[in-house]
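When a residue number appears, it is its place in the shown sequence, counting from 1. Predicted model only: the values in this text are computed from it and were never measured.
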Amino acid sequence: MCARTRSWLALAAAMFALCGSAQTVFSTFKHGNEYTAEMSGQMSGDGKIAPFWFTANKHGLSTLRSNSGYLRGMLMREAAQDTARNWRAGYGLDVAFLLNHRSGAHRTDAVIQQLYGEVEWKMLRLTVGARDFEQELKNEALSSGGLTHSANARAVPQVRLEMPKFWAIPGTKGWLSLKGHVAYGMFTDNAWQNEFHAPGMTYSNNALFHSKAGFLKIGNTDKFPLTFTGGLEMYAQFGGEAWNVGRRPDDSSDFTGEYVKMGHGPKAFFNAFIPGGSDPRDGDYANVEGNQLGSWHLRFDYKGKGWGAAVYAEHFFEDHSQMFLEYGWKDMLYGVELQLPKNPVVGTVLYEHLRTTDQTGPVYHDATDQIPDQISAIDNYYNHAIYGGWQHWGQGIGSPLLLGPAYNEYDGRSFAHNNIGFWHNRIVSHHFGLSGSPMQGLDYRVLYTYTTSLGNYTIPLASPRHAHYYMVEATYRLKPLPALSITAAVGGNAGSLLGDNFGAMLTVAYRGAFCK
């Protein structure tokens with residue numbers, strides 16, 4: 001039995017042990033159980049890469065290959081259905097059979113997309129397993145994605161304790177509320193990294209995962225229409241082991257082939273929670289243990305009569321040089337979202353602007369006796385010397401606009417080919433989204449993104465590359481079977497970054513319920 005299978009079996013055993021810990025919890029499973037059967041396929045032209053928005057923000061259930069499909073089955077129960085109870089329980093099993101998602105011998109494969117159990121008590125939720133968690137303070141359908149965590153990559157199995165909804169602080173009359181979470185888990189892409197990485201390139205196995213977040217909301221919409229939300233989310237890769245550490249893609253003479261084994265003990269878990277320690281290869285210039293990154297979030301919401309508006313900003317950081325204001329915050333994601341009064345044409349309009357070109361500047365220097373000045377720059381977003389990059393199964397865990405390692409197979413540059421890193425992390429993007437419900441049972445959304453890439457500071461592009469990504473998607477829920485839905489989409493890429501391609505996607509899903 002392979003290590004990955006043993007990990008999933010242990011996770012399943014822990015999940016069911018958790019759900020069976022209280023008879024009160026078991027009694028909730030008499031209702032609210034749902035199943036979904038889904039079939040999806042996409043075809044596109046002669047381009048090398050499928051339309052971007054057919055692939056991005058799909059929780060990793062997607063492929064860059066031009067023609068592909070999947071069959072998917074889900075059994076789920078949302079714990080939130082038991083709103084009248086203090087104790088609530090839920091679960092999820094989500095399995096997909098893939099067609100032409102991977103190359104070579106893996107043209108057809110099967111994946112466990114989600115597998116989890118959860119228990120809620122009052123405002124707290126404990127989740128054990130792999131679940132697709134929502135990104136923070138973003139419109140899931142229209143946003144390009146959060147910078148630290150988005151909907152782009154496959155879920156990491158974890159144990160997560162959280163307040164999923166804002167909790168009003170007693171004594172504040174609803175004007176102050178909090179939410180947050182803390183989690184530990186393990187990445188599951190060992191097999192993918194072992195197969196994907198080019199000979200001599202850095203790759204890792206058995207890396208551990210940590211995340212935490214806290215948000216404060218100020219405002220009470222029952223008394224005043226304007227609210228402010230601010231907070232911090234932080235993530236980390238730690239533990240595990242890595243091979244070929246020390247390789248520089250642009251200079252083969254710097255290749256050391258070094259093997260690094262990271263800590264898995266209590267100290268490593270503590271250093272992930274409160275950044276500290278150092279990596280085995282840091283030497284005299286110790287930083288912190290593992291790959292630490294995160295985002296600051298700011299958002300204002302205005303709730304009018306039948307309409308609403310929001311403006312928000314997210315600032316990403318890789319280390320202390322951008323965590324605070326010492327060097328200035330030049331790299332930001334800005335967004336504006338409008339909820340229009342009810343009408344048959346457009347319901348929501350969104351615009352986002354993303355810039356990641358600064359990264360504290362192009363110069364890095366550790367202080368020495370000869371030159372005591374510390375210059376902490378070249379943050380090299382999403383890249384890490386030991387773990388390769390902030391990715392899972394080839395897709396970036398943060399914004400999909402910073403193209404993940406899966407795209408390197410098609411990059412065309414020898415150093416980037418099958419490298420587990422991000423070679424287009426200095427970008428400027430403009431993103432638009434709109435959605436609406438022109439008639440009962442029919443919903444649509446439109447996404448368009450224009451991106452300019454400068455490459456990165458380590459390997460800059462000789463000249464900027466540009467890309468246009470676009471998609472139009474419509475979903476219709478048929479009568480008299482409201483559980484049956486058909487989603488059709490057309491989309492494409494254009495420009496020098498990913499080339500030109502156009503395609504279509506069709507998804508048919510049936511959703512039902514079963515009792516006792």
Is [X] reaching over with its side chain to a backbone N or O of [Y], donor-acceptor style, under 3.5 angstrom?
X: N206; Y: G240; value: no
X: N408; Y: G421; value: yes
X: S150; Y: G398; value: yes
X: D109; Y: L98; value: no
X: S399; Y: G146; value: no
X: Q391; Y: G394; value: yes
X: N425; Y: Y381; value: yes
X: N152; Y: G396; value: yes

Side-chain H-bond candidate by donor/acceptor type, E38 with T507, under 3.5 Å: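 No, because no side-chain N or O of E38 sits under 3.5 Å from a partner of the opposite role on T507.
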
I'd like to know if the side chain of T188 pairs up with that of W393 as donor and acceptor (distance under 3.5 Å, no hydrogens or angles considered). yes

Would you indicate whether the side-chain heavy atoms of [Y] and [X] approach each other to under 4.5 Å?
X: E195; Y: Q193; answer: no
X: Y203; Y: N244; answer: yes
X: M76; Y: Y116; answer: yes
X: T348; Y: L142; answer: yes
X: L115; Y: D94; answer: no
X: F215; Y: L137; answer: yes
X: H181; Y: S211; answer: yes
X: I397; Y: R154; answer: no

I'd like to know whether W390 forms a side chain to side chain donor-acceptor pair (under 3.5 Å) with T148, so could you lay out the CA-CA distance, the side-chain angles of the two residues, the decisive distance to 0.1 Å, and finally the verdict. CA-CA 9 Å; W390 182 232; T148 298; over 6 Å; no

With sequence neighbours excluded, give me every salt bridge (Lys or Arg N to Asp or Glu O under 4.0 Å) pair touching residues 497-510.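 For residues 497-510: none.
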
Pairs where residues 434-455 contributes a residue and the test salt bridge (Lys or Arg N to Asp or Glu O under 4.0 Å) is met, not counting sequence neighbours: D443-R477, R445-E473

Which of E314, E136, E337 passes salt bridge (charged side-chain N to carboxylate O under 4.0 Å, His left out) with R299? It is E337

I'd like to know whether T227 forms a side chain to side chain contact (heavy atoms under 4.5 Å, CB included) with F300, so could you lay out the CA-CA distance, the side-chain angles of the two residues, the decisive distance to 0.1 Å, and finally the verdict. CA-CA 6 Å; T227 60; F300 289 90; over 6 Å; no

Pairwise ring pair (Phe, Tyr, Trp, His ring centres under 6.0 Å) hits with a residue in [range], at least two apart:
range: residues 480-501; answer: none
range: residues 33-64; answer: F52-Y469, W53-H431
range: residues 125-153; answer: H149-Y235

Partners of [X] by ring pair (Phe, Tyr, Trp, His ring centres under 6.0 Å), sequence neighbours excluded?
X: Y184; result: H210, F269
X: H430; result: H353
X: Y410; result: none
X: Y70; result: none

When you look at N418 and E409, which way does the side chain to side chain donor-acceptor pair (under 3.5 Å) test go after all the steps? CA-CA 5 Å; N418 284 40; E409 186 175 359; 5.3 Å; no

As a quick check of understanding, evaluate side chain to side chain contact (heavy atoms under 4.5 Å, CB included) for D331 and L354, giving each step before the final call. CA-CA 8 Å; D331 291 338; L354 172 62; over 6 Å; no

Run the side chain to side chain contact (heavy atoms under 4.5 Å, CB included) test on L506 and Q42 for me, step by step, so that the C-alpha distance in whole Å, both residues' side-chain angles and the decisive distance to 0.1 Å come before the verdict. CA-CA 6 Å; L506 182 66; Q42 64 99 357; over 6 Å; no

Excluding sequence neighbours, so at least two apart, what forms side chain to side chain donor-acceptor pair (under 3.5 Å) with [X]?
X: Q237; result: N291
X: N383; result: N380
X: H297; result: E233

Would you please indicate if the ring centroids of Y470 and Y448 are separated by under 6.0 Å?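 Not under 6.0 Å, so no.
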
Parallel under 30°, tilted from 30 to 60°, perpendicular over 60°: which one fits the rings of F316 and Y382? perpendicular

If the plane angle is over 60° it's perpendicular, under 30° parallel, otherwise tilted; pick one for W329 and H315.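 Taking H315 first and then W329, their aromatic rings lie parallel (interplane angle under 30°).
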
Would you give the length of the straight line joining atom CD1 of I486 to atom CG of L478, rounded to the nearest 0.5 angstrom? 4.5 Å

Over 12 foreign heavy atoms within 6.0 Å of [atom1], [X]:
X: R465; atom1: CZ; value: yes
X: E134; atom1: CD; value: no
X: K58; atom1: NZ; value: yes

Is a salt bridge present between R160 and E118, judged by a nitrogen-to-oxygen distance below 4.0 Å?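 Looking at R160 and E118, the cut-off is not met.
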
Quick one: do E78 and R131 make a salt bridge, cutoff under 4.0 Å? yes

For the side chain to side chain contact (heavy atoms under 4.5 Å, CB included) test, which of L402, L333, L147 pairs with T356? L402

Take H101 and T63, measure what side chain to side chain donor-acceptor pair (under 3.5 Å) needs, and give me the verdict at the end. CA-CA 5 Å; H101 271 225; T63 177; 5.0 Å; no

Going through the distances and angles, do E34 and R511 end up as a salt bridge (Lys or Arg N to Asp or Glu O under 4.0 Å)? CA-CA 7 Å; E34 297 183 348; R511 183 178 179 181; 2.4 Å; yes

Verdict with reasoning, N194 to N205, per side chain to side chain donor-acceptor pair (under 3.5 Å): CA-CA 8 Å; N194 295 342; N205 280 184; 3.1 Å; yes

Evaluation steps, side chain to side chain contact (heavy atoms under 4.5 Å, CB included), between F187 and Y387: CA-CA 11 Å; F187 291 86; Y387 298 104; over 6 Å; no

Has R426 got its NZ or CZ under 6.0 Å from the middle of the six-membered ring of Y457, at an angle within 45 degrees of the ring axis?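 Output yes; distance and angle both within limits.
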
